[in-house]
Structures are given as structure tokens and as C-alpha cells.
Amino acid sequence: PVAIVRTPGRLNVLGMHVDHRGGFVNPMALSQEVVLVFTPNADDLIDVTNLNSDFGRRTFRIGQIQPPHVMTDTPAWLDWTQSLTAQRVQENLAADWTHKLAAPCAYLAGVLCPDRPLRGFCGVMSGNIMQQVGLSSSSAVVVAAMLAMTAVNDLPLSHDDLVERCGIAEWYVGTRGGFGDHAAILRGRAGQLVRVRTVPELT
């Protein structure tokens, strides 16, 4: 038995980066997409083959990429992911797409579900979102992996909760973004704008 998740790219029509200040953005989901077909594993192995030959197959175990200790708050996760990114840059490994697959796995294991073993999945992925042009191709992979992880581990997260979890999880990739892209991907509807406002935390 297999399951399928589809995550669209997104186009921000008006209000780029205003959400970081508490304003509204108005993205829309695109027909371009990432599709992941997957089946659960009995252990923590992640094994995904990307049908785009530029990316290929990636395998890892959740236990190998999770934080070395439980992250009790978001600042701790941010500090760890930033130090991890600096290390990858030194080793010339920052651009590998495996980090996008690993991001939800590391976040769930280190932050959200540190007290339970997590199952991985085997899958095949394909996508046609143009890369590096601001259409959220990276976030689409992160959200697809998060949806697969929550499915195989029976994690009852609402889409609203997933928006924030995916946004924070993606810091593992090396970016420090917000949640607007993930809201558009998870809440987008064909032919409709999504009006999104995030409220920055006060520190």
C-alpha cells in the first residue's frame, strides 16, 4: 500500500515579506507541484528517489540527523540549525537536496516527538516547480516530507499547526524564513488567492 501527497508551488501576488512585520500577503498556489508517493518503513530509514536525475536517490536514518539533545524551545532549534548550516558551508554540502527531506524528520525527532521512536518511509518524488525563482520549490519538498512523516507516524496535526511546524522545520535547510510559503502550500486552492497574516513574536 502507498499514499500520495501533492504540494504546489506558490506565487506571491502582493505583499512580499510584509508578513514578517505582521502585515498581509496574498499568495496563490500554482499548478506546478511536487508529488511524493510513499510507503511506511518499520524502522527510521528514509529512502527517497527523485525522478529528476539531477537529484537522484537519498537515504538516511532519522537517528543520524536528529539533534544531539531535546530542543526545549524554538531559539534552541534556531541556534542548532544555524551552526549546522555553517558546518555544511565549510564542507561544501549546503546545497544538497537531502536537507529538505531531513528537515521535518529532524524537527519532529528533536522538538515535537522526542520521547517516541519515529518511523521513516520509502518513496518516489517528482516535481516541476522552477527552482531558485521564488516559487517555493524548496518549501514544497519540506511540506511533502512533513506530510509523509505525520502520516506514517499517526501524528494528528491540523493544517494550521502544520503551517508553523513546517516553517520552523525548514530552518534546518539553512534559511531563516517565516510561514507564509507553507500557508500558501497547505491552504492554497485552485484559482483563489490566499490572504495570509502572521503575527511576529514579541521578544
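V48 and V173 fall into different hydrophobic clusters, where Ile, Leu, Val, Met, Phe, Trp and Tyr side chains are chained together by heavy-atom contacts under 4.5 Å. Under a hydrophobic-cluster definition in which Ile, Leu, Val, Met, Phe, Trp and Tyr are linked whenever side-chain heavy atoms come within less than 4.5 Å, directly or via other members, W97 and L147 are assigned to the same cluster. Hydrophobic clustering keeps M146 apart from L45 (ILVMFWY residues linked when any side-chain heavy atoms are closer than 4.5 Å, directly or through intermediates). Note on F60: it clusters hydrophobically with L108, by side-chain heavy-atom contacts below 4.5 Å among ILVMFWY residues. Connection of L112 to V70 is not established within any shared hydrophobic cluster, with ILVMFWY side chains joined at heavy-atom distances below 4.5 Å, either directly or through further cluster members.
Using bins of under 30°, 30° to 60° and over 60° for the plane-to-plane angle, the ring pair W77/Y172 lands in the parallel bin.
L186 has its side chain within reach of V143: a pair of non-hydrogen atoms, C-beta onward, lies under 4.5 Å apart. A 4.5 Å side-chain heavy-atom check between I46 and F121 finds at least one atom pair inside the cut-off. Contact of the D47 side chain with the R57 side chain is registered, since non-hydrogen atoms from C-beta on lie closer than 4.5 Å. At least one side-chain heavy atom of L101 sits less than 4.5 Å from a side-chain heavy atom of M125. Counting only heavy atoms from C-beta outward, the side chains of L118 and C113 approach each other to under 4.5 Å. Side chains of T81 and R176 form no contact here, defined as non-hydrogen atoms less than 4.5 Å apart. Here the side chains of N128 and E33 are in contact, with some heavy-atom distance below 4.5 Å. Residues I168 and V111 form no side-chain contact, since every pair of their non-hydrogen atoms from C-beta on lies 4.5 Å or further apart.
Closest heavy-atom contact between P40 and R119: CB-NH2, 3.4 Å. When all heavy atoms of T7 and I129 are compared, the pair lying nearest together is O-CD1, 4.2 Å. Contact record, V34 with A140: CG2-CB, 3.9 Å, taken as the closest heavy-atom pair. The two residues A148 and L36 come nearest to each other via the heavy atoms CB-CD2, 3.8 Å. Of all the heavy atoms in T85 and W171, the pair that sits closest is OG1-O, 4.5 Å. Scanning all heavy atoms of the two residues, the minimum distance from A29 to G188 falls at CB-CA, 4.0 Å.
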One pair to check against side chain to side chain donor-acceptor pair (under 3.5 Å): E170 and S139. What are the steps and the verdict? CA-CA 7 Å; E170 191 165 341; S139 294; 2.8 Å; yes
Please assess H99 against I65 for the test side chain to side chain contact (heavy atoms under 4.5 Å, CB included), listing each intermediate value before the final yes or no. CA-CA 9 Å; H99 307 316; I65 55 91; over 6 Å; no
Taking it one step at a time, do T98 and F55 satisfy side chain to side chain contact (heavy atoms under 4.5 Å, CB included)? CA-CA 9 Å; T98 191; F55 299 106; over 6 Å; no
D43 and R61: salt bridge (Lys or Arg N to Asp or Glu O under 4.0 Å), yes or no, with the steps? CA-CA 9 Å; D43 56 15; R61 293 192 177 275; 3.2 Å; yes
Please walk me through it: do M149 and I62 pass side chain to side chain contact (heavy atoms under 4.5 Å, CB included)? CA-CA 11 Å; M149 283 295 295; I62 297 172; 3.7 Å; yes
With side chain to side chain contact (heavy atoms under 4.5 Å, CB included) as the test, would you mind laying out the steps for H159 and V163 before giving the verdict? CA-CA 6 Å; H159 273 190; V163 167; 5.6 Å; no
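Rounding to the nearest 0.5 angstrom, the gap separating the OG1 atom in T74 from the CD atom in E164 is 7.0 Å. Atoms CG and OG, on L30 and S137 in that order, are 11.0 Å from each other to the nearest 0.5 Å. To the nearest 0.5 Å, atom OH of residue Y107 and atom CE of residue M71 are 11.5 Å apart. In this structure, CZ on R88 lies 13.0 Å from CG on N92, to the nearest 0.5 angstrom.
Through direct or relayed side-chain contacts under 4.5 Å between Ile, Leu, Val, Met, Phe, Trp and Tyr, L51 connects to V124.
Between the D44 side chain and the G63 main chain, a donor and an acceptor come within less than 3.5 Å of each other. Checked by atom type and distance alone, the side chain of R189 pairs as donor or acceptor with a backbone atom of R187 at under 3.5 Å. No side-chain donor-acceptor contact under 3.5 Å links H182 to the backbone of V142. Between the side chain of D73 and the backbone N or O of A76, at least one donor-acceptor pair lies under 3.5 Å. A donor-acceptor contact shorter than 3.5 Å is absent between the side chain of N153 and the backbone of L155. A donor-acceptor distance shorter than 3.5 angstrom exists from the side chain of R10 to the backbone of G134, with no hydrogens or angles considered.
Counting heavy atoms of neighbouring residues, nucleotides and ligands inside a 6.0 Å radius, atom CZ of R116 exceeds 12 of them.
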